[in-house]
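Inspection log for the structure reproduced underneath, given as structure tokens.
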Amino acid sequence: MRDVFPFVFMTQLLVFVKSLELNQCSQFTSCETCAGIVDSGISCRWCLESKECVPSKYLCHPWKTVIHDINCPLSNIPTTYSDTFLRTEVAAYIHAANRVSEYSPVGAPMSCLMKLKARVDVLNELDVPTKLEGRTIGVLIGVNHDLQHIFIGFRSTNDPVQFVSQFYVFMMGWMEDFPLGGKMVAIYSRMYKEILEFGFDDCLEKAVMKYPTYALVVTGHSLGGAMSTVFALHVAMKYPQKLTSLYSVSAPRSGDETFVKLLRQHVSEEFRVVRDGDFVPDSPFRISQTIETAHHNSFEIFYGSHMAVDNYVICNQPETEYCLKGSWWKKPVAHMYLFDQNFFNYHLGYCE
């Protein structure tokens, strides 16, 4: 009996301690107050299925668990997203921005914009040298008079060294303090500063002064999508009285939770467009849910593999297994071909 008593006592003690652990986090009654909170050393997570705060990932299906408050489901699903606007105007802006490059002939950006029925002018083409990888990043500022907005497009990756450099930074988990708040993937933070040093603000200020009633549209694909996300916050904070719309396409993660919250606070409309099977938006890679890393912003516009007209879902979480995060089969073609258009960027000429 003497040998049995300590065993029984320890078993009962473990059961008691476990029951205390299971009761932790239970006082939080919403996803926003629960996700990511640490209660007595236990990281809380919100279970979408049972709608309760739990202390363990084993108490809820992984697909239905939220551990970051910025990934809580949002109820204010936007009604202003336009598939037609994305396929026509936004796609043309991206094609034009991709031709702001030393490899493209003079007038190449305008050759893409001339396909639009609207009256469109190019105001500035900035081919900005970047120090980290020794290449450039292209920025296009233009105006659409018919739709009354100033558009800002950022060029996607157009060089193998630039592509590899981004993934080196991703694998290192290299993030830096971002001037507007939070932390940023280092290569994007440095490009942000270099674009500003090149005179971006002066160019945009002249456009805003010339067209004071026009809204702002910021867009880009891939690397351009990441930089459009970064600069959407910049221009929204610089011109708080203006409607600022973000249309990032196939963009990787760029900023941390603080940055994402700032986007929600300042940017009028956020649309992050992705195609099923695209591998780039799943980077920087998430090796852990608790290590500091970059996060996606809302709202994810998730298109099926063929991107047929209106074949999309507006996801109520920035990242969810029911949208792109649940797409396990990745293929490079999903990153380069969107809306039956080729977005592969390498030594581009005039738009055909």
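The first residue of the sequence shown is numbered 1, and numbering continues consecutively from there. Bear in mind the structure is a predicted one, so any value in this text is a computation, not a measurement.
Checked by atom type and distance alone, the side chain of Ser104 never pairs as donor or acceptor with a backbone atom of Val100 at under 3.5 Å. Formation of a donor-acceptor pair under 3.5 Å by the Ser245 side chain with backbone atoms of Glu269 is not found in this model. Not one N or O on the side chain of Arg99 forms a donor-acceptor pair closer than 3.5 Å with the backbone of Leu348. Ser298 places no side-chain N or O within 3.5 Å of a backbone atom of Gln317 that could act as its donor or acceptor partner. A donor-acceptor contact shorter than 3.5 Å links the side chain of Ser56 to the backbone of Tyr58.
Within 6.0 Å of atom NZ in Lys206, 12 or fewer heavy atoms from other residues, nucleotides or ligands are found, so the atom counts as exposed in its surroundings. At most 12 non-hydrogen atoms from other residues, nucleotides or ligands lie less than 6.0 angstrom from CE of Met114.
In terms of heavy-atom proximity, Ala294 sits nearest to Val185 at CB-CG2, 3.9 Å. Shown here for Ala232 and Thr244, the closest heavy-atom pair between the two residues is O-CG2, 3.9 Å. Nearest heavy-atom pair across Gly255 and Met175 is C-CE, 4.4 Å. Of all heavy-atom pairs spanning Cys60 and Lys64, the tightest one is SG-O, 3.3 Å. Closest approach of Ser156 to Ser222, counting heavy atoms only: CB-CB, 4.0 Å. Nearest heavy atom pair, residue Leu113 against residue Val122, reads CD1-CG2, 3.5 Å.
Inter-residue side-chain proximity for Leu48 and Pro73 is flagged as met; some heavy-atom pair is nearer than 4.5 Å. You'll find the side chain of Thr258 stays beyond 4.5 Å of the side chain of Phe178, heavy atoms only. Side-chain contact between Tyr188 and Gln166 is present, with at least one heavy-atom pair separated by less than 4.5 Å. Looking at heavy atoms from C-beta onward, Arg190 lies in side-chain contact with Glu176 at the 4.5 angstrom threshold. Residues Val139 and Phe231 form no side-chain contact, since every pair of their non-hydrogen atoms from C-beta on lies 4.5 Å or further apart. The shortest side-chain heavy-atom distance between Pro318 and Val260 does not fall under the 4.5 Å cut-off. Side-chain contact between Glu321 and Trp328: present, with at least one pair of heavy atoms (C-beta onward) separated by less than 4.5 Å. Taking 4.5 Å as the limit, every side-chain heavy atom of Phe299 sits out of range of all side-chain heavy atoms of Tyr81.
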>> Using the rule given for side-chain contact (heavy atoms from CB on, under 4.5 Å), can you reason through Glu133 versus Asp159, listing the C-alpha separation, both sets of side-chain angles and the distance that settles it, and then say yes or no?
In response: CA-CA 10 Å; Glu133 80 284 16; Asp159 184 275; over 6 Å; no
>> Please determine whether side-chain contact (heavy atoms from CB on, under 4.5 Å) holds for the pair Thr229 and Phe259, giving the CA-CA distance in whole Å, both sets of side-chain angles, and the decisive distance to 0.1 Å.
In response: CA-CA 10 Å; Thr229 304; Phe259 173 77; 3.9 Å; yes
> Hey, mind stepping through Val143 and Lys210 against side-chain contact (heavy atoms from CB on, under 4.5 Å) and telling me if it holds?
Replying inline: CA-CA 10 Å; Val143 59; Lys210 190 172 183 180; over 6 Å; no
> When you look at Cys44 and Phe28, which way does the side-chain contact (heavy atoms from CB on, under 4.5 Å) test go after all the steps?
Replying inline: CA-CA 9 Å; Cys44 302; Phe28 303 110; 4.1 Å; yes
> Could you walk me through whether Phe167 and Phe163 pass the ring-ring contact (aromatic ring centres under 6.0 Å, His included) check?
Replying inline: CA-CA 7 Å; Phe167 275 85; Phe163 178 83; 5.0 Å; yes
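Using cut-offs of 30° and 60° on the angle between ring planes, the pair Tyr346 and Phe344 is tilted.
Judged by distance alone, the side chains of Ser30 and Thr33 do bring a donor and an acceptor atom under 3.5 Å apart. In this model, no donor atom of one side chain and acceptor atom of the other lie less than 3.5 Å apart for Glu319 and His68. When only modelled atom types and interatomic distance are considered, Thr136 and Arg155 share a side-chain donor-acceptor pair under 3.5 Å. If you check the side chains of His295 and Asn71, you find no donor sitting under 3.5 Å from an acceptor. Tyr303 and Asp83 share a side-chain donor-acceptor pair at under 3.5 Å.
Residues Ile141 and Val120 fall into different hydrophobic clusters, defined by Ile, Leu, Val, Met, Phe, Trp and Tyr side chains chained together at heavy-atom separations under 4.5 Å. No path of Ile, Leu, Val, Met, Phe, Trp and Tyr side chains, each step under 4.5 Å between heavy atoms, connects Leu324 with Phe279, placing them in separate hydrophobic clusters. Taking hydrophobic clusters as Ile, Leu, Val, Met, Phe, Trp and Tyr residues chained together by side-chain heavy-atom distances below 4.5 Å, Met336 does not share a cluster with Phe302. No path of Ile, Leu, Val, Met, Phe, Trp and Tyr side chains, each step under 4.5 Å between heavy atoms, connects Leu204 with Phe151, placing them in separate hydrophobic clusters. Residues Ile314 and Tyr322 do not share a hydrophobic cluster, clusters being chains of Ile/Leu/Val/Met/Phe/Trp/Tyr side chains in contact below 4.5 Å.
Applying the salt bridge (Lys or Arg N to Asp or Glu O under 4.0 Å) test to every pair with at least one member in residues 306-316, sequence neighbours left out, gives no pairs at all. Within the structure, salt bridge (Lys or Arg N to Asp or Glu O under 4.0 Å) pairs that include any residue of residues 333-352 do not occur (at least two apart or interchain).
We find the CG-CG distance between Leu74 and Asn316 to be 7.0 Å, quoted to the nearest 0.5 Å. Atom-to-atom distance recorded for Lys325:NZ and Ser327:OG is 11.5 Å, nearest 0.5 angstrom. Rounding to the nearest 0.5 Å places CD1 of Ile150 at 10.0 Å from NE2 of His145. Interatomic distance, CG of Asn342 versus OH of Tyr337, reported as 4.0 Å (0.5 Å rounding). Atoms CZ and CG, on Arg264 and Asn76 in that order, are 8.5 Å from each other to the nearest 0.5 Å. In this structure, Ile70 CD1 and Cys31 SG are separated by 11.0 Å, a value rounded to the nearest 0.5 Å.
Among Glu194, Met184, Lys183, the single residue meeting the side chain to side chain contact (heavy atoms under 4.5 Å, CB included) criterion with Ser189 is Met184. Just one residue in the list Tyr211, Tyr247, Tyr93 forms a ring-ring contact (aromatic ring centres under 6.0 Å, His included) with His149, and that residue is Tyr93. Looking at Cys34, Cys25, Cys47 one by one, the single match for disulfide bond (SG atoms under 2.5 Å apart) with Cys53 turns out to be Cys34.
Using a 4.0 Å cut-off between a side-chain N of Lys or Arg and a carboxylate O of Asp or Glu, Asp282 and Arg253 qualify as a salt bridge.
Among residues two or more places apart in sequence or in another chain, the salt bridge (Lys or Arg N to Asp or Glu O under 4.0 Å) test is passed with Asp69 by Lys261.
Between His335 and Phe343, the distance from one ring center to the other does not fall under 6.0 angstrom.
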